[in-house]
Amino acid sequence: MDQQLREMVWQTVAMIPQGKVATYGQIAACCGYPGHARGVGHILKKLPPQTALPWHRVINARGEIALPPDSESYQLQKQRLEQEGVEFERDKIRLRLYQWDGSVDDSVTEN
DNA sequence: GTTGTGACTACCA
DNA sequence: ATGGTAGCCACAA
């Protein structure tokens, strides 16, 4: 169950186009688990550091990086986003331009 | 099993 | 806009 959610989150995050971002709630909803935003956050936290998943494109509903500012992952995520062309307004992302649709295909193949 | 904490979100003052 | 509160789920002790 939670493992299946984990896989679904993986593929959902993996299909986020470069230069765009998605929120935890959005991903959870796309996985068929609305309200599991927090669970998504935990899953991403459990990701291995060498993962190929663009976890840095996942942000909170406020349009900010969800990690604590003191964390190094925060800096890394912000840096990666800027590198992909995502503009920041102070520490917040301009969601108007970079919000992700979340078009998901159910027939995605298993990873 | 219970409790506390956290990469969350929505609602209300 | 900002801050507090409640609901949510997963995980560690």
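Throughout, a chain's letter reflects where its sequence line sits, starting with A, and its residues are numbered from 1. Note that the structure is predicted; figures quoted are calculated from it, not measured.
One atom, CZ of A/R90, and another, C1' of C/dA1, lie 11 Å apart when rounded to the nearest Å. A straight line from CZ of A/R6 to C1' of C/dC11 spans 12 Å, rounded to a whole angstrom. Between the C1' atom of B/dA7 and the CG atom of A/L44 lies a distance of 7 Å, rounded to the nearest Å. Rounded to whole Å, atom C1' of B/dG6 lies 14 Å from atom CD1 of A/I43. Protein atom NZ of A/K45 is 9 Å distant from nucleotide atom C1' of C/dA10, rounded to whole Å. Put simply, CG on A/L67 is 13 Å from P on B/dG6, counting in whole angstrom units.
For A/A37, the side-chain contact (heavy atoms from CB on, under 4.5 Å) partners are A/Y24, not counting sequence neighbours. The side-chain hydrogen bond (donor to acceptor under 3.5 Å, both in side chains) test applied to A/K92 returns no partner, not counting sequence neighbours. Residues satisfying the salt bridge (Lys or Arg N to Asp or Glu O under 4.0 Å) criterion with A/E84, sequence neighbours excluded, are A/R57. Residues meeting the side-chain hydrogen bond (donor to acceptor under 3.5 Å, both in side chains) test with A/E89, sequence neighbours left out: A/R94. With sequence neighbours excluded, no residue forms a salt bridge (Lys or Arg N to Asp or Glu O under 4.0 Å) with A/R62. Legend: residues meeting side-chain contact (heavy atoms from CB on, under 4.5 Å) with A/P48, ordered by chain and number and at least two apart, are A/Q50, A/T51.
Listed by residue number, the members of residues 54-64 of chain A with any heavy atom below 4.0 angstrom from DNA chain B are A/W55, A/N60, A/A61. Contacts of residues 68-89 of chain A with DNA chain B (heavy atom under 4.0 Å): A/P68.
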For a quick test of your reading: what N or O donor-acceptor pairs under 3.5 Å do the side chains of residues 71-78 of chain A make, sequence neighbours left out?
{"from": "A/S71", "atom 1": "OG", "to": "A/S73", "atom 2": "N", "distance (Å)": "3.3"}
{"from": "A/Q77", "atom 1": "NE2", "to": "A/H56", "atom 2": "O", "distance (Å)": "2.8"}
{"from": "A/Q77", "atom 1": "NE2", "to": "A/V58", "atom 2": "O", "distance (Å)": "2.8"}
{"from": "A/K78", "atom 1": "NZ", "to": "A/D91", "atom 2": "OD1", "distance (Å)": "3.3"}

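Taking CG from A/L81 and NZ from A/K20, the interatomic distance works out to 14.5 Å, rounded to the nearest 0.5 Å. In this structure, the separation between CE on A/M8 and SG on A/C30 is 9.5 Å, given to the nearest 0.5 Å. Distance check, rounded to the nearest 0.5 Å: CG of A/N60 to CZ of A/R38 gives 12.0 Å. Taken to the nearest 0.5 Å, the CG atom of A/L47 stands 7.0 Å off from the CH2 atom of A/W10.
When the P atom is used for both C/dG7 and B/dA7, the distance is 22 Å, rounded to whole Å.
The side chain of A/K46 places an N or O atom within less than 4.0 Å of a non-bridging phosphate oxygen (OP1 or OP2) of C/dC11.
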Protein proximity profile, nucleotides 3-9 of chain C - base contact B, sugar-phosphate-only contact S, no contact -, cut-off 4.0 Å on heavy atoms:
----BBB
